[in-house]
Amino acid sequence: MRMSKGLFPTLKEAPKEAKIVSHKLMIRAGLMRKLASGIYTYLPLGYRVIRKIENIIREEMNKTGAQEVLLSALSPQELWEESGRWEVYGPELMRIKDRHNRLFGLGPTHEEVITDLVRREVKSYKQLPLTLYQIQTKFRDEIRPRFGMMRAREFHMKDAYSFDKDEKDLGKNYKRMYEAYQNIFDRCGLRYKAVEADTGPIGGDISHEFMVLAKTGEDRIVYCRKCGYAANVNRAEYVKPGVKGQGSRVKEKGLKKVKTPGMKTVEEVTGFLKCKPKELVKTLIYKVDGIPVAILIRGDHGVNERRLEKLLKAKEISLADEKTIEKVTGAPLGYSGPVRLKIKIIADSDVAAMKNMISGANKKDYHLININIDRDFKADKVLDIRSVIPGDRCPKCKTKLTFSRGIEVGHVFKLGTKYSQALKATFSDEKGKERPLIMGCYGIGLDRIMAASIEQNHDGNGIIWPSSIAPYQVLILVVNNQDKKQVKLAEEVYKSLEKEEIEVLLDDRDLRAGAKFKDADLMGIPLRITIGNKTIKENRIEIKIRKTNKIHEINKKDLISKIRSLLEM
RNA sequence: CGGGGAGUGGCGCAGUUUGGUUUAGCGCGCAGCGUUCGGGACGCUGAGGUCGUGGGUUCGAAUCCCACCUCCCCGACCA
């Protein structure tokens with residue numbers, strides 16, 4: 001491609017709305033432009049990257065034996081009602097009406113549509129296992145789109161769905177996909193971790209997220225450097241470091257009620273009472289299988305709901321609504337406390353070790369100070385239910401856990417029969433018995449791979465693409481466009497690369513050399529061939545590696561082989 | 001949705017506090033001519049703006065008032 005003939009709009013300055021590097025660089029390098037909040041247009045350069053990523057994914061998916069389909073983005077309300085998600089998904093599901101006033105959802109994910117397809121076409125265990133995938137545009141009306149393509153309302157996703165006759169086969173499929181995902185992210189040149197994850201609104205039992213390690217990531221993860229254990233903090237297991245026997249020696253002070261008008265949150269209360277969050281106890285009212293239970297957790301800790309669910313052997317837990325809280329505590333949200341509470345109380349073990357704690361008084365605008373366990377209230381159970389904190393150790397090998405931030409680029413789930421049961425997608429097994437299909441689902445965000453790659457691979461001058469997803473492999477820069485010799489040589493080199501099917505960009509724009517150099521660095525093409533006076537004089541071709549800044553000067557006849565070997569590095 | 005900030009040529013900004021001295025300005029970019037040409041050159045000339053939108057106040061509004069729209073940031077069932 002000749003740059004003089006195409007659209008390559010680079011910018012010296014990024015628009016002020018862009019806050020993180022990948023977003024800034026994607027706009028500056030002319031990969032995309034914003035259309036509306038969370039909605040973007042891909043320019044030629046950006047779309048080439050997306051297609052590169054798409055092809056890597058396609059190749060790896062096909063290797064697993066999965067087949068590619070294309071499902072409609074638009075799907076009828078009735079289908080979503082069958083699964084219950086027309087309600088459950090909430091405002092994040094974009095809905096539109098057709099001219100007959102019939103409602104449609106714009107697909108944020110496609111479990112319903114694929115399950116509908118398969119329930120019509122698959123009748124027998126002989127047709128299983130079956131895995132279908134698609135690479136398609138998705139829509140999610142994000143509560144707050146941000147960071148450019150990182151959290152957009154319209155984005156691109158590969159979603160795969162597996163159908164099996166039993167759990168064992170699902171396990172095999174899950175493993176196959178997990179490995180395919182590793183291949184994909186390896187090939188894209190990302191540094192990532194696969195972590196144990198929560199299943200969220202998609203549902204299912206087991207799931208792993210693939211997290212690209214980056215400071216700007218929205219998720220927090222922990223991992224063990226020694227044994228490789230890794231999990232999202234919201235569900236990470238841990239072993240507490242040895243507890244120092246202090247606390248027991250602290251003298252118990254007298255219980256006191258204090259007025260805290262309008263102070264509800266930990267921040268407000270600690271600010272008002274001039275104390276630290278760790279002296280406070282949060283009394284969270286949960287519904288455990290429908291029954292209200294009070295969970296006591298230290299002010300600076302969070303609840304690991306996954307753990308709680310497991311330890312209580314509960315099917316479903318969730319925070320109670322405000323009405324339930326008022327009924328149970330006799331006070332509005334923000335003033336709950338354990339003293340004289342009539343429901344079951346479960347305390348985190350860190351709370352059990354506290355003395356003279358502060359909590360709500362179960363009365364509006366009042367808190368209690370110097371609360372002590374056993375004296376002022378009794379906990380029905382003491383459990384380790386807080387979420388992981390720095391200092392905690394690996395549940396498998398007891399090494400201290402490392403904290404990091406991650407960008408979720410992929411997620412694999414074992415769904416089980418959640419959707420097949422709701423949509424009555426069944427098959428006949430070997431004995432002729434009708435059973436629901438066992439499902440798995442597997443997603444990858446293409447745009448996020450692109451953004452995450454930039455987060456991990458850039459410098460002060462711009463993007464540094466790994467050659468696997470670079471929009472072009474080589475950029476030829478003509479230093480002086482007026483110099484006929486230079487132009488002629490550049491054309492010659494350009495044509496020889498094109499002939500070899502090396503993806504090449506020729507910067508033949510009528511700009512000064514400096515501007516072209518800046519743009520070349522910004523766009524991050526892995527190899528740059530500079531053709532200037534020096535080239536002509538010395539009769540040697542100069543190749544610069546974007547990543548290392550290393551310059552190779554070679555004879556013209558070795559050009560192609562040198563480029564090939566440099567690209568394979 | 002709650003809180004904060006911002007909308008002035010394509011991009012980045014000044015001007016708004018105290019309405020008139022601005023014919024609305026600057027840098028970059030864009031067009032033409034000339035000189036230049038290995039890391040965002042220089043000179044001259046020029047094009048491009050309903051100052052987010054709609055009302056209002058006033059002799060006079062980018063500037064004051066009201067309403068709305070858009071964009072960005074922080075937070076969101078953690079009491």
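Per chain, numbering begins at 1; letters A, B, ... match sequence-line order. Remember, predicted model here, so these are calculated numbers, not experimental data.
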Next on the checklist: With a 3.5 Å limit on both atom pairs, tell me what B/G2 is paired to, counting Watson-Crick and G-U wobble, or say none.
Outcome noted: B/C74
Checklist entry - Taking the P atom of each, how far is B/A62 from B/G52, in whole Å? => result 10 Å
Checklist entry - In the structure shown, which nucleotide is the Watson-Crick or G-U wobble counterpart of B/A24, with both distances under 3.5 Å? => result none
Checklist entry - Under 4.0 angstrom, heavy atoms only, what part of the nucleic acid is A/I285 near: base, sugar-phosphate, or nothing? => result base
Checklist entry - With sugar-phosphate meaning primed atoms plus P, OP1 and OP2, does A/E13 contact a base, only sugar-phosphate, or nothing at under 4.0 Å between heavy atoms? => result base
Checklist entry - Taking the nucleotide of RNA chain B with the closest heavy atom to each, which residue, A/P15 or A/G514, is nearer the 5' end? => result A/P15
Next on the checklist: Would you measure the distance from the P atom in B/G4 across to the matching atom in B/G20 and give it in whole Å?
Outcome noted: 29 Å
Checklist entry - Is there a donor-acceptor contact under 3.5 Å from the side chain of A/R151 to the main chain of A/P145? => result no
Next on the checklist: Pairing check on B/G60: which nucleotide meets the Watson-Crick or G-U wobble criteria with it, both distances under 3.5 Å?
Outcome noted: none
Checklist entry - If the C1' atom of B/G19 is compared with that of B/C59, how far apart are they to the nearest Å? => result 12 Å
Item to check | Base partner of B/G9, which must satisfy Watson-Crick or wobble distances under 3.5 Å | outcome: none
Checklist entry - With respect to the side chain of A/K34, which nucleotide from B/G39, B/C71, B/C78 is positioned closest? => result B/C71
Checklist entry - Reckon A/K544 touches a base, only the sugar-phosphate, or nothing at all at heavy-atom distances under 4.0 Å? => result base
Checklist entry - For B/U50, which nucleotide is its Watson-Crick or G-U wobble mate, given both distances must be under 3.5 Å? => result none
Item to check | Between B/G49 and B/C13 - C1' atom distance, rounded Å | outcome: 15 Å
Item to check | C1'-based separation of B/U45 from B/G40 [nearest Å] | outcome: 23 Å
Checklist outcome for this item: Side-chain contact check for A/A36: nearest option of B/C73, B/G38, B/C71 is B/C71
Next on the checklist: Using a 4.0 Å heavy-atom cut-off, does A/E542 contact any base of the nucleic acid, only the sugar-phosphate backbone, or nothing at all?
Outcome noted: base
Next on the checklist: Please tell me if A/S37 has a side-chain N or O lying less than 4.0 Å from either OP1 or OP2 of B/C72.
Outcome noted: yes
Checklist entry - Where does the angle between the aromatic ring planes of A/Y89 and A/W80 fall among parallel (under 30°), tilted (30 to 60°) and perpendicular (over 60°)? => result perpendicular
Checklist entry - Atom CD of A/E17 and atom C1' of B/C11: how far apart are they, to the nearest Å? => result 11 Å
Next on the checklist: By nearest atom, which of the nucleotides B/G38, B/G39, B/C73 is closest to the A/K518 side chain?
Outcome noted: B/G39
Checklist entry - Counting any heavy atom closer than 4.0 Å, what does A/N481 reach on the DNA or RNA strands: base, sugar-phosphate only, or nothing? => result nothing
Next on the checklist: So if I take every side-chain heavy atom of A/A513 and compare against B/C78, B/G38, B/C73, which nucleotide ends up nearest?
Outcome noted: B/G38
Checklist entry - Contact class for A/K516 (heavy atom, under 4.0 Å): base, sugar-phosphate, or nothing? => result nothing
Next on the checklist: I need the single residue from A/E492, A/E491, A/E498 that forms a salt bridge (charged side-chain N to carboxylate O under 4.0 Å, His left out) with A/K495. Which is it?
Outcome noted: A/E491
Checklist entry - Checking all strands, does A/N533 fall into the base, sugar-phosphate, or nothing category for heavy-atom contacts under 4.0 angstrom? => result base
Checklist entry - OP1 or OP2 of B/G40 sitting under 4.0 Å from any side-chain N/O of A/R512? => result no
Checklist outcome for this item: When both distances are under 3.5 Å in a Watson-Crick or G-U wobble arrangement, the nucleotide paired with B/C42 is B/G34
Item to check | Separation between the P atoms of B/C42 and B/G3, rounded to whole Å | outcome: 48 Å
Checklist entry - Using a cut-off of 4.0 Å on non-hydrogen atoms, how would the nucleic acid contact of A/I143 be classed: base, sugar-phosphate, or nothing? => result base
Next on the checklist: Whether the side chain of A/T265 and the base of B/G75 hold a donor-acceptor pair under 3.5 Å is what I'd like checked.
Outcome noted: no
Next on the checklist: Considering every strand and a 4.0 Å limit on heavy-atom distances, what is the contact class for A/R28: base, sugar-phosphate, or nothing?
Outcome noted: base
Item to check | P gap between B/G25 and B/A47, integer Å | outcome: 12 Å
Next on the checklist: Distance check, P atoms only: B/G9 and B/C26, in whole angstrom units.
Outcome noted: 15 Å
Item to check | Closest nucleotide among B/G39, B/G40, B/G12 to the A/D521 side chain | outcome: B/G39
Item to check | Nucleotide nearest A/F147 (side chain, heavy atoms from C-beta), chosen from B/G38, B/G39, B/C73 | outcome: B/C73
Next on the checklist: Looking at A/L213, is its backbone amide N or carbonyl O close enough to the side chain of A/Q456 to form a donor-acceptor pair, meaning the two atoms are under 3.5 Å apart?
Outcome noted: yes
Next on the checklist: By the 4.0 Å heavy-atom rule, please label A/I325 as base, sugar-phosphate, or nothing.
Outcome noted: base
Checklist entry - Any chance the side chains of A/E408 and A/H411 put a donor and an acceptor closer than 3.5 Å? => result yes
Item to check | Phosphate-side-chain proximity, A/R144 and B/C74, N/O vs OP1/OP2 below 4.0 Å | outcome: yes
Item to check | Under-4.0 Å salt bridge between A/E17 and A/K34 | outcome: yes
Checklist entry - Base, sugar-phosphate, or nothing for A/R528, non-hydrogen atoms under 4.0 angstrom? => result base
